[in-house]
Amino acid sequence: MSLEDELLKQRLCRIREIEALGFRPYGARFEFTHEIPGILAGYGSKTAEELAPEVRVRIAGRLMTKRLMGKAGFAHLQQNGERLQMYVKKDAVGERDFQLFQLLDMGDIVGVEGYLFRTRTGELSVHVEKLEFLSKTLLSMPEKFHGLEDVEIRYRQRYLDLIANPEVRKVFVTRARIIASLRRQLEDRGFIEVETPMMQPLYGGAAARPFVTHHNTLDIDLYLRIAPELYLKRLVVGGLERVYEINRNFRNEGLSTHHNPEFTMLEFYQAYTDYRGLMDLSAELLAQAAVDAAGTTQIEYEGQKLDFGGLQRYSMREAVVQFWQGDGRPSLEQVSDRGWLLHHSDKLTPGEALTDIFERRVEEQLIQPTLIYDYPVETSPLSKNKPDDPAFVERFEIYAAGMEIGNAYTELNDPQEQRRRFEMQLSMRERGNEEAHQMDEDYVRALSYAMPPAGGEGIGIDRLTMILTGSRSIRDVILFPLLRPEGPIDMINLLREYDKL
RNA sequence: GGGCCGGUAGCUCAGGUGGUAGAGCAUGUGCCUUUUAAGCACAGGGUCGCGGGUUCGAGUCCCGCCCGGCUCACCA
C-alpha cells in the first residue's frame, strides 16, 4: 500500500474513533466569541498581568501545528491567515477532550473554549478548557516549515496555497482592496456600475482574437467578449453619462507572465469630457488605489521605486525620442516623417510603423507610471481625431513597470467618421490583419442618434494588482489561472474503495 | 510554436564518472503536563513524470511524449 493510501485509510479510521468519543467528524454550527486576527490585534501586546481578569474566548480554526507532550500539548489554530497557539492540558480539558486532542491531525478544523494567557516563553495562547470537533481532513497538509512551493500545485490547488502561504492570501486581499478602491472612487464621482454582455454576436472594442461558443436553441455562434467598450458607449448614447464595468475580457491568445486568456478590466465612460480630463482622473484613481492597497504612492516593484503620486506625460512621438536606446536617436521631425518611419519598421503605414517602433523600443523602458498620448489613427479605430492633426487621435495609454496598464481616449462620436474607420479596419482585415476590427452596424446606428462628447478608459486590474502587490507573474494575482487540465486524480476511487471500512 | 530549466516518499529537497534509492518534516508505536522548525528511541512509507532504446545492469546515458516554470514570438 502506498503511503498516501495509508494516510487516507488512517484518517478514515480515525473518523470512527472521533465518533466513538461522542464527537461529530463533520461538526455543525459553532458560536464563536472572537476571531483569531482580532485576538492578536486586541491582546497581542498585553502582558501576562494585563490579561487578568481572565479573557474568555471561543474560537475556531484549522490545526496547523501540534506538539504533544504526554498529558499536555500545544497546537496552533489558523484563521483568516493568522495563527494563535493553544495549550491543552489533560487536567484542564478532561479525559474525553484530551483523547480527542491526541487524535487530531494537522489540517483538522476544531473549535476551542478557554481563556487567554502567556506561556513561559511569552507567546499569547489560549488555555483550553473545552474542545469541539468541526471538520476532518483526509489528506496531509503541506510541510510546515517550507510551506507549499510547487507552483503547479499552488495554481491547481489554490486552496492549499492559501492555507500554507499567508502572503498569497494577502495578495488577494489587496486585490479586493484595489477593486473596492476604484469602485468607491468612481461611485463618489457619480459613476454607476453596469454589466454588459459577455457573449456577443459581434466582437469589438479591441484588437484581439476571440473565443467562440455556441447557443443551442438560437443555433448561433457567439463570441466571448474581448472588450465591453461598444456596449458601454451605447449606454452613454442612452443617457447613462457616467458608467463603468469591472469584469472579465477573454482573448484567445498566448499565455505569459503578463497575459492570461481571461483577465479583469475596469472600463469607464464619462460624457462631456475628453482625454485630457481622463488624464487627470487617471492620476487621481491610481494614486488613491496605491494608497488603499499599499498605504503609500511609493511602490517598490522588482527592485524599482515607482511613484504613483503623479504620472509622467509624453506624446508617443516624444517618447520615441526620449526613451530611444543606443545609436540613431531620431529627432521630433524624423518621428513625424513618413520616410523615416517606414524605413525603421516593416509596417505598411507611417502610423502603424510609429506604433511598432514605440512598442519595440520604448514600452519596456517605461518603468515609472507614465502617460503616453496622441496615437496614430490606424491603430485606434474608436478614438476621435486631433482637430489640428487628423492622422493622430486623442488617445493615451498608461504604462508602469514596462507594462501597459491602461488605455483611454476621447470617444469618436461622429457616425460618418466611425463608418470610415470601420471601413479602414475592414481593408486592414483583407490585407491579413486578423485582429482588425469588425464592422458593427448597430454601433454606428447608435452613434447616429448622437452620443455626447465623451472620454472612455480601461484599466487592467490584474496588472495593476501585480504592481501594487509586488507579483512577478499575472498567475500570482489570479486565483485560478488557466492551466492545461491535470491528469487523473483518483480521489473518487480511493474514497469509494475505503467507504467499505 | 521556438529556446533554456525542472518533475525522486504526503511535503521540502539530496542523489560526481551507470552498480541493491536517501535526509528533514509529516505518519505509526513507546516515553514526556509551558512547548514552539519541541525532544528521545524504534518502525512503516517509492511506477525516481510516461513510453521506448543502449547496456550484464539506467534515477543517472540516448530518443519520443506529458505536465510545469522562465524566456522569445503574439498580445493588454
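Protein chains get the first letters and strands the later ones, always in sequence-line order, with residue 1 at the start of each.
- C67(B) atom P lies 15 Å from atom CG of D150(A), rounded to whole Å.
- The shortest distance between the side-chain N/O atoms of R484(A) and the OP1/OP2 oxygens of G68(B) is below 4.0 Å.
- Between G68(B), U35(B), G10(B), one nucleotide has an atom nearer to the side chain of R120(A) than all others, and that is U35(B).
- For R11(A), the listed nucleotide lying nearest its side chain is U27(B); candidates were C70(B), U35(B), U27(B).
- Residue R14(A) places at least one side-chain N or O closer than 4.0 Å to OP1 or OP2 of G28(B).
- Residue R463(A) is classed as a base contact, given a heavy-atom separation below 4.0 Å to a base.
- For R475(A), a side-chain nitrogen or oxygen approaches OP1 or OP2 of G69(B) to under 4.0 Å.
- I474(A) is not listed as a side-chain neighbour of T257(A), based on a closest heavy-atom distance of 4.5 Å or more.
- For M106(A), counting side-chain heavy atoms from C-beta on, the closest listed nucleotide (U71(B), A26(B), U34(B)) is A26(B).
- Comparing C11(B), U71(B), C13(B) by their nearest atom to the side chain of E149(A) picks out C13(B).
- Out of U71(B), A76(B), G68(B), the shortest distance to the side chain of E152(A) is found at G68(B).
- In the set G68(B), U33(B), A37(B), U33(B) carries the atom at the smallest distance from any side-chain atom of M69(A).
- Counting any heavy atom pair closer than 4.0 Å across all strands shown, G460(A) reaches no nucleic acid atom.
- Out of U33(B), U34(B), A76(B), the shortest distance to the side chain of I474(A) is found at A76(B).
- One can place CG of L7(A) at 16 Å from P of G44(B), the figure rounded to the nearest angstrom.
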- [ ] Quick one: the dot-bracket string of RNA chain B, using Watson-Crick and G-U wobble pairs with both distances under 3.5 Å, [ ] for crossing pairs and | for bases paired to another strand.
- [x] (((((((..((((.....[..)))).(((((.......))))).....(((((..]....))))))))))))....
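- Of the candidate nucleotides C11(B), G68(B), C70(B), C11(B) has the atom lying nearest to any side-chain atom of L148(A).
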